[in-house]
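For reference, the structure discussed in these notes is given below.
Computed over heavy atoms, backbone and side chain alike; hydrogens, waters and symmetry mates excluded.
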Amino acid sequence: MIRLVLCDLRDHAATWAGAFCVAVACGFVGGFAASLIATARTYPNTESLAASVIMFSAVAAVAVLPSVAGLTVSAQRRSYALWQLANVSPRRVAAVVLAQLAVVAVLGAAVGTSIEAASFAPLFPIVFSSPDYQPIDQVVPDAGLLLMPAVWAAVACVFLVGGARGARSAAKMPPVAALREPEAARKGVTAMRALVSAVLGLGAWQIASSLFGAELRALSNSLFLPLLMVATLVPVAPAALSALMAAWTAPVPQRRLHAWYLARRTARYGLAASTSTETPIMVGFALVAGIFSLGGLLEGYIRQQGLTGYSATLDWTSSVLLLGGPVLLCAVGAAASVVMTSKTRTRDVALLVVAGARPGTLLAAAACEALVHAVTATLAGMAVVIASNAVVASAVGMPPFSGLAFGEGLVVSLAGFVLVLAATLVPTCAALRREPALVLAAGE
């Protein structure tokens, strides 16, 4: 079994590379939080800051890791079906899949924490360069190497939970069906996902209720409202994002715009890939735009009340600690999701070339597909930001659209679009440079 695990990882390194990169990013962010906890012995303020890093990054990690893990398993359904045809038992298939997820997660997290441990000392004075955190000359940065195994275990646990459903599906799927049937175009929300979304929604409702009639200092709890609201949307993202994509792309004419038609069909057809690409961008946009919009709203409220000695704007250090981890995870997750499906995309491009599609049309379709993913995720993130800001505005008696700041979030969307565009165009260009017959005849 160990040999099968390692050999399959080697043979499908391109598919697993995306999951590995996400694990590296998670290890780096988790390692930074662990280093802050260790440094708290000489700089006590960093212990509470570590909790903030973990809380905000955890939402991004929970959104990115399960989708990437599930996509990795989904991309190899054919391989798992061939294993069963070779007389590998379903239970053994599931065990191998989970073992592969664990190996990739631990190795990636170990690399990420190693990079973080080596860079923590020079990064520490840069991150804590804001005036509110000075002086830090007497602080001795501690990388906290003894805490790193806990980070590896946490990343591995999230990977295993995210890939458990895919592992069960790979084990239960009849081999012939897996070899013949493509991925379903639409999937409903499972009872477990609906339950998790309901629990998170209840938490968001409780925080929202506590804001009404609260004093200014108590309004700091509003910082967690966009966090919980976007987390509520993550479990139902497959259905919500698919419906949103269908709604806003439908009015665009498709008969004359062949590239747009291909892009829309590809994005809607590959549900697992689309969800894995759009969810990180949605979370990144919602967190960044939500926090900055909340800051603008509270600043307006402070000025309206004529209060002095209060500030709701984020300084450099607070911005990096709260939003640096989520943005990094979301960016890597969005690009990795597209990279992991590069082999499938290469075969699809070859099929379209055989069917008579022009290279220019296929390149334009790849660009349009990246645009579809970015716009869908951005629209969903905007809905979260508007809703969370409207709740806080109502609690403090401000107009519902006060303080909205989408500019910072659009930077995340633009970065996500560029990464997805690059990851989409590379396999498309590679397929166009090869003979279609050779691509279609190539084995696993």
Side-chain angles (χ1 to χ4, degrees), residues 20-65 105-155 158 223 227 280 283-284 287-288 291-292 295 313-336 408-409 411-412 415-416 418-419:
F20 180 80
C21 290
V22 173
V24 171
C26 287
F28 183 89
V29 175
F32 190 82
S35 297
L36 289 180
I37 294 174
T39 306
R41 289 176 296 183
T42 56
Y43 192 28
N45 292 335
T46 58
E47 191 167 14
S48 59
L49 295 175
S52 299
V53 173
I54 294 173
M55 186 173 297
F56 276 80
S57 298
V59 173
V62 170
V64 172
L65 286 183
V106 172
L107 289 179
V111 172
T113 53
S114 299
I115 296 173
E116 187 280 331
S119 60
F120 181 69
L123 281 178
F124 188 83
I126 298 176
V127 172
F128 288 89
S129 58
S130 297
D132 291 342
Y133 297 90
Q134 298 297 327
I136 59 171
D137 297 336
Q138 305 301 321
V139 179
V140 180
D142 185 353
L145 297 179
L146 296 179
L147 299 176
M148 297 309 177
V151 177
W152 308 342
V155 175
V158 179
L223 190 70
L227 184 70
V283 172
L287 288 179
V288 173
I291 297 300
F292 278 95
T313 57
L314 293 179
D315 55 25
W316 160 256
T317 300
S318 300
S319 299
V320 172
L321 294 178
L322 294 181
L323 302 175
V327 170
L328 174 63
L329 292 175
C330 292
V332 175
E408 292 81 359
V411 174
V412 177
V418 172
L419 290 173

### Query
Do the side chains of Trp152 and Pro149 get nearer than 4.5 Å, heavy atoms only?
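Yes, side chains in contact.
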#### Entry: Side chain proximity check, Val53 to Leu36, heavy atoms < 4.5 angstrom
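Of all side-chain heavy-atom pairs linking Leu36 with Val53, at least one is under 4.5 Å.
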On a heavy-atom basis, which atom in [X] and which in [Y] lie closest, and how many Å separate them?
X      : Y      : value
Ala61  : Leu329 : N-CD1, 3.9 Å
Pro326 : Ala60  : CA-CB, 3.7 Å
Trp316 : Ile126 : NE1-O, 2.9 Å
Thr317 : Val127 : OG1-O, 2.6 Å
Ala121 : Pro141 : CA-CB, 4.3 Å
Met148 : Ala143 : CE-O, 3.1 Å

Quick check for you: to the nearest 0.5 Å, what is the distance between [X] atom [atom1] and [Y] atom [atom2]?
X      : Y      : atom1 : atom2 : result
Phe120 : Thr113 : CZ    : OG1   : 13.5 Å
Phe128 : Leu123 : CZ    : CG    : 11.0 Å
Ser35  : Leu145 : OG    : CG    : 7.5 Å
Leu223 : Ile291 : CG    : CD1   : 4.0 Å

### Query
Tell me the salt bridge (Lys or Arg N to Asp or Glu O under 4.0 Å) pairs involving residues 141-153, sequence neighbours left out?
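Checked against salt bridge (Lys or Arg N to Asp or Glu O under 4.0 Å) - neighbours excluded - the pairs reaching residues 141-153 are Arg41-Asp142.
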### All side chain to side chain contact (heavy atoms under 4.5 Å, CB included) counterparts of Leu419, not counting sequence neighbours
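Once residues adjacent in sequence are excluded, the partners of Leu419 under the side chain to side chain contact (heavy atoms under 4.5 Å, CB included) criterion are Ala331, Ala335.
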Side-chain atoms of residues 22-32: list all donor-acceptor pairs with protein atoms under 3.5 Å, sequence neighbours left out, distances to 0.1 Å.
none

#### Entry: Candidate pair Val111 and Leu107, rule side-chain contact (heavy atoms from CB on, under 4.5 Å), full reasoning
CA-CA 6 Å; Val111 172; Leu107 289 179; 5.7 Å; no
